[in-house]
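Working notes, beginning with the structure itself.
Sequence lines set the chain letters: A, B, ... in the order given, protein chains first and strands last, and positions in each chain run from 1. Excluded from the calculations below are hydrogen atoms, water molecules and symmetry mates; all remaining heavy atoms, backbone and side chain alike, are included.
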There are 2 protein chains.
Amino acid sequence: MNSAKSEVSITVVRRLPKYYQYLKDLEMREVEKISSKQLADLMGLTASQIRQDLNFFGAYGQQGYGYRVTELKDAIRNILGLSRKYKSVVVGAGNLGRAISNYERFGHENIEIVAMFDQDPNKIGKEVGSIPIKDIAEFNDFVEKEGISIAILSVPREVGQKLTDTIVASGIKGILNLVPLDLNVPDDVKVENVNITDSILTVTYYLDDMSEK
Amino acid sequence: MNSAKSEVSITVVRRLPKYYQYLKDLEMREVEKISSKQLADLMGLTASQIRQDLNFFGAYGQQGYGYRVTELKDAIRNILGLSRKYKSVVVGAGNLGRAISNYERFGHENIEIVAMFDQDPNKIGKEVGSIPIKDIAEFNDFVEKEGISIAILSVPREVGQKLTDTIVASGIKGILNLVPLDLNVPDDVKVENVNITDSILTVTYYLDDMSEK
DNA sequence: TAGATTGTTAATCGATTAACAATC
DNA sequence: TAGATTGTTAATCGATTAACAATC
C-alpha cells in the first residue's frame, strides 16, 4: 500500500469491490480457505486473472494451499481504503438522493452519510431517516466543520455542473455522480459515475439485437 | 444493423449511450456538423476511437466534412434499439424503485415504466406518480398480457436471486439490476448491473490513495 | 515426500492509437 | 482544385490467459 496504487489500472480497481463482496459472503458462510480457481468459478473470472489482480498489491496466498478468506478480505478492505472513516453528504434531496440516504453506510461501517443538501425551502430543515436536509448555502461551512470527504450528487441534470462547482470549491475530492452528465472537475478530484440512463440503453441495445435474429 | 451487432465488444456498446447523449445535446444547441476530432475533445476520447467505434456499424460521415449531428444521432438511436417501444416494470417498490419510477422514460420516449411490483400488502394497490404498485403474485400474467420486455430490479439483496428467477420465468430477456448482487440467469437473458455500493468503494480507494501521498 | 496451488514470466488476445489513401 | 476529414489498415499498447518453477 503505497502511492504505486495510482498505477494500478482502473480495470483492476473496479474488480476490487467485487472481490471484497464475495469474500465477505464466503466469510459469512464460514468458508475458511479458497483457491484462485474456486473464487474464479464463483465470480465468473479466471484463476490467472485473480492471481494477477491480487499481485498488484502483494502476495496474499499460500502456495499449495490457497487464500485464507478472512485474511484476504481484510487485505482488500484496506486496499479499498476502508480502514479509515469517510463522512459523506448527499447533494440534492430528490427521490434518488433520499433513496441513497436510506442505503445507510452502503453496508460499510466506515462510510457515513451525515447530511443532505438542497435549495428548496420546503425540504430544508426536514429529515430523511435521521439525516437532516440542510440549506445548500451552508454547504461550504458544513463541509469544513464536519470534515466531509465524499459528495453524492443527485440533482437535476440542468444544475449538475453548477453544484459540482460548489462541491469542488468546498475542497471535497471524491464525488459519486448519479446525474446522467459528465462532470468537469480538476485533476485532483475523483468522480465515479453511476449512469442509470446509459445502463438501460445497453439493455435495449441487446434486446433489439435479439429480436432481429 | 444485423446480427453482427452481437460481435461488437461490450466496451464499444457502453460508449454508444454516451455518443447518443452528446449528439442530442449538440442537436439541441443547433450544432449541425461535427468532426471526429471535435467530438473527441468534447467527450474526452480520441478521434481515431470515435471513427473506429462508428465503423463497426457503418459509415455515417462524409470525408472532408465530418458528421451531420442529427443524422448521426438518429443512426445511433436506431443502433441502440430505440426505434421500437419497450414496456418495463420495476420489481421492488422500496425507496430506490420508487425513485427510478419517477425518472419516467429515462428521457427516452420509447421506454415506458408501466407498473411496479411488491409483496407488501401495505404497498400493493397504491400508486407512485401514476404508476400502480401491483402484487408480485400477478407478475407472470401481467408480463404476458402487457408484453413487458424489461424488468428493473430493486429489491433487498436477500431476495435478489429469488425475484430474478421470477423475472426469468416470465420470459423477460432484459434486466436492469440495481441490487448489489451478481445474478444467475440463462445465457439468453441480458443483465446490466448498476452497483452503487461498488461504485462508492472505487471513490474511497482513490481518496485513500491521495491521502497517503 | 507428493500433491496442490501460488507467484510470476511469457504468450496471446483485444482495444486503442497512428497513419494515410480515398474522397467529399 | 486544394484542404479537410473520413474510412480503414497497420502499429502499439494494455489486459487476459497460459505455463511453469517455486514452495507450502
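Note: B:L72 CG to B:R77 CZ = 13.5 Å, rounded to the nearest 0.5 Å.
Looking at heavy-atom distances under 4.0 Å, A:Q62 makes contact with sugar-phosphate atoms alone, never a base. A:T46 comes within contact range of the sugar-phosphate backbone alone, with a heavy-atom separation under 4.0 Å but no base atom that close.
The residue among A:Y65 and A:F56 whose nearest nucleotide of DNA chain D lies closer to the 5′ end is A:F56. Take the nearest nucleotide of DNA chain C for B:S48 and for A:G58: the residue whose nucleotide is more 5' is A:G58. Nearest-nucleotide assignment on DNA chain C puts the 5′-proximal partner with A:Q52, out of B:Q52 and A:Q52.
Between A:K87 and the choices A:E144, A:E146, A:E112, the salt bridge (Lys or Arg N to Asp or Glu O under 4.0 Å) rule is met once, by A:E146.
When all heavy atoms of B:V189 and B:I172 are compared, the pair lying nearest together is CG2-O, 3.9 Å.
For an aromatic pair to be called close, the ring centres must be under 6.0 Å apart, and A:H108 with A:Y20 satisfies this. Between B:Y67 and B:Y60, the ring centre distance reaches or exceeds 6.0 Å.
The aromatic rings of B:F57 and A:Y205 sit perpendicular to each other, their planes meeting at more than 60°, with 30° as the lower class boundary.
Rounded to 10°, the helix from C:dG3-D:dC24 to C:dC24-D:dG3 has 10° between the axis fitted to its first five pairs and the one fitted to its last five.
Remark: the backbone N or O of A:G81 is paired with a side-chain donor or acceptor of A:Y86 at under 3.5 angstrom.
A cation-pi contact, defined as under 6.0 Å to the ring centre and within 45° of the axis, links A:K33 to A:Y65.
The footprint of chain B on DNA chain C, defined by a heavy-atom cutoff below 4.0 Å, extends from C:dA15 to C:dC24.
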